[in-house]
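So that the names make sense, note that chain A is the first sequence line, chain B the second, and so on, each numbered from 1. Atoms considered below: every heavy atom in the structure, side chains included; atoms not considered: hydrogens, waters and symmetry mates.
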2 protein chains.
Amino acid sequence: MTGEMPEKGPLVLLVEDEPQMRRFLRAILQSHGYRLVEAETAAEGIAHATAYNPDLVLLDLGLPDGDGLDVTRRMREWTATPIIVLSARGQESDKIQALDAGADDYLTKPFGGGELLARMRVALRHAARPGGDDAAPIVSFGDIRLDLVRRQVFRGDDEVHLTPNEYKLLTTLAKNAGKVITHRQLLKEVWGPNATNQTHYLRVYMAQLRHKLESDPARPKHFTTEPGVGYRLRTE
Amino acid sequence: MTGEMPEKGPLVLLVEDEPQMRRFLRAILQSHGYRLVEAETAAEGIAHATAYNPDLVLLDLGLPDGDGLDVTRRMREWTATPIIVLSARGQESDKIQALDAGADDYLTKPFGGGELLARMRVALRHAARPGGDDAAPIVSFGDIRLDLVRRQVFRGDDEVHLTPNEYKLLTTLAKNAGKVITHRQLLKEVWGPNATNQTHYLRVYMAQLRHKLESDPARPKHFTTEPGVGYRLRTE
DNA sequence: GCGCGGCCTCAAGAAAGCGTCAAGAACGGG
DNA sequence: CCCGTTCTTGACGCTTTCTTGAGGCCGCGC
């Protein structure tokens, strides 16, 4: 077996008032690895959209407290998150209105779970396209540049080769730059939860990182030791 | 009407064999300012797609000379142009297949002109978003040129023959040039999701690619190994 | 001054991962 | 049905990476 990551799937906001429908969708989504947030009203839908910033919205029209179209329009004022409308109304004019209001797809109830999932994949595919999500994939300190997307480390203009563990250790430090990270945390992150007392690993690997990335490995400027506690990466 | 402006509406490629349906769609599209290119067969569809580089494709499944899904898949090898499938078949499995093959939407005949136009607007809205079109249809590195449209690989002036798996492996690497792609990703992409632990395949096929495309296969400049992680294609 | 705990260094053996070669199986076209 | 191509599988040796241990340094409390 492989010690996989928790594999957190895309976050879906479900806005739907009928309990029965909600149960149906919840079952489908969760069994396919999606994380789920639910709302029962338009107002709650908008509130959750801003609070959770989901990857996708499933929106029922005909909510108790207002038009679902409003939800769509309101969301489109500030986000391009895919919205798939689910509706009992199959009139062409309804579809056109919803789509022009900013919805990305429109399914008429009843629909098959398979089709819904397929259309969700399409929507998520779109959202993944333009490099809109990854904000700052490059961390730098001193003359070191760490490119998290390409998985490359540069020292000046030269690429530095890191082994998998070295890289993982560096990234966990970099992701919490400035903060102290305890031995336990680092070990758990890099070597897994069964190695949280092998502090010797850290000494060896920190030494390697320092040799590869510090100009004076014996007097580290960036990879500093916090005796008895852990290590810290100083990025300025 | 004649005497109009230079008519610079979006260019739509219509791939449809039934003359009746073509007439119907032609009327709708032209009356709404779209420019139109028509194809009657799958082969012609692909040819026109490369020749005209349309803004949107309307694709009928069930063409005389082959599966419409193939057209979708082939196009997705090099372009992200929106594809809306029009089909008489309304089975859920058909929809799922088409959408997963790369289609952006699926309408079952008969459908209303208004809905089609609305869904086209959605598709064009997606395509219009920033970032624009990314995938250059030709990738090159060293003295290698990879033509994604023609599915051809050249080394200098000579064409290099690749087997299907070799080609697929090369393209998945090329589409993420510079980034490390994990063993798992590559295997899933080339051999399907049931082979994600057959890392041995990768060794064999990477060796073959290197032999065909590297000047010194034993010391690869472009197809580099990231031990324990995956492979990377360096394009500079 | 001495002992001790925590840390760093160096290095070697163990383990895992990788590249190579080759043979048999499966496939597809004639 | 046969032949050539492509895919799969296995064995082997090599390289990289991981793990482990021994030794030394330093600061602190006693």
**Q** Of the nucleotides C:dT20, C:dG19, D:dT17, which one has an atom closest to the side chain of B:His211?
**A** C:dT20
**Q** Output yes when a side-chain donor or acceptor of A:Asp104 lies under 3.5 Å from a complementary backbone atom of A:Ile83, and no otherwise.
**A** yes
**Q** Hey, is the side chain of B:Trp191 poking within less than 4.0 Å of OP1 or OP2 on D:dT8, counting only N and O atoms?
**A** yes
**Q** With a cut-off of 6.0 Å (strictly less than), are more than 12 heavy atoms of other residues, nucleotides or ligands near NZ of B:Lys221?
**A**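 No.
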**Q** C:dT20, OP1 or OP2 - any side-chain N/O from B:Arg210 closer than 4.0 Å?
**A** no
**Q** Sequence neighbours excluded, which residues qualify as side chain to side chain contact (heavy atoms under 4.5 Å, CB included) partners of A:Asn176?
**A** A:Lys179, A:Ile181
**Q** Would you call B:Lys212-B:Glu166 a salt bridge at under 4.0 Å N-O?
**A** yes
**Q** Closest to the A:His161 side chain: D:dT17, C:dC10, C:dC8?
**A** D:dT17
**Q** Run the salt-bridge test on B:Glu40 and B:Arg22 with the 4.0 Å N-O cut-off and return the result as yes or no.
**A** yes
**Q** Does OP1 or OP2 of C:dG6 have a side-chain N or O of A:His183 closer than 4.0 Å?
**A**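 No.
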**Q** Hey, is the side chain of B:Thr163 poking within less than 4.0 Å of OP1 or OP2 on D:dT5, counting only N and O atoms?
**A**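 So the side chain of B:Thr163 is outside the cut-off, no N or O lying under 4.0 Å from OP1 or OP2 of D:dT5.
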**Q** Could you tell me the separation between the CD atom of B:Glu214 and the C1' atom of C:dT20, rounded to a whole number of Å?
**A**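 My rounded result for the distance is 16 Å.
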**Q** Which whole-number value in Å describes the distance from A:Glu226 CD to C:dG6 P?
**A**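 The distance from CD of A:Glu226 to P of C:dG6 comes to 16 Å, rounded to the nearest Å.
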**Q** What residues from residues 196-206 of chain B pass a heavy-atom cutoff of under 4.0 Å to DNA chain D?
**A**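 The answer is B:His200, B:Tyr201, B:Val204, B:Tyr205.
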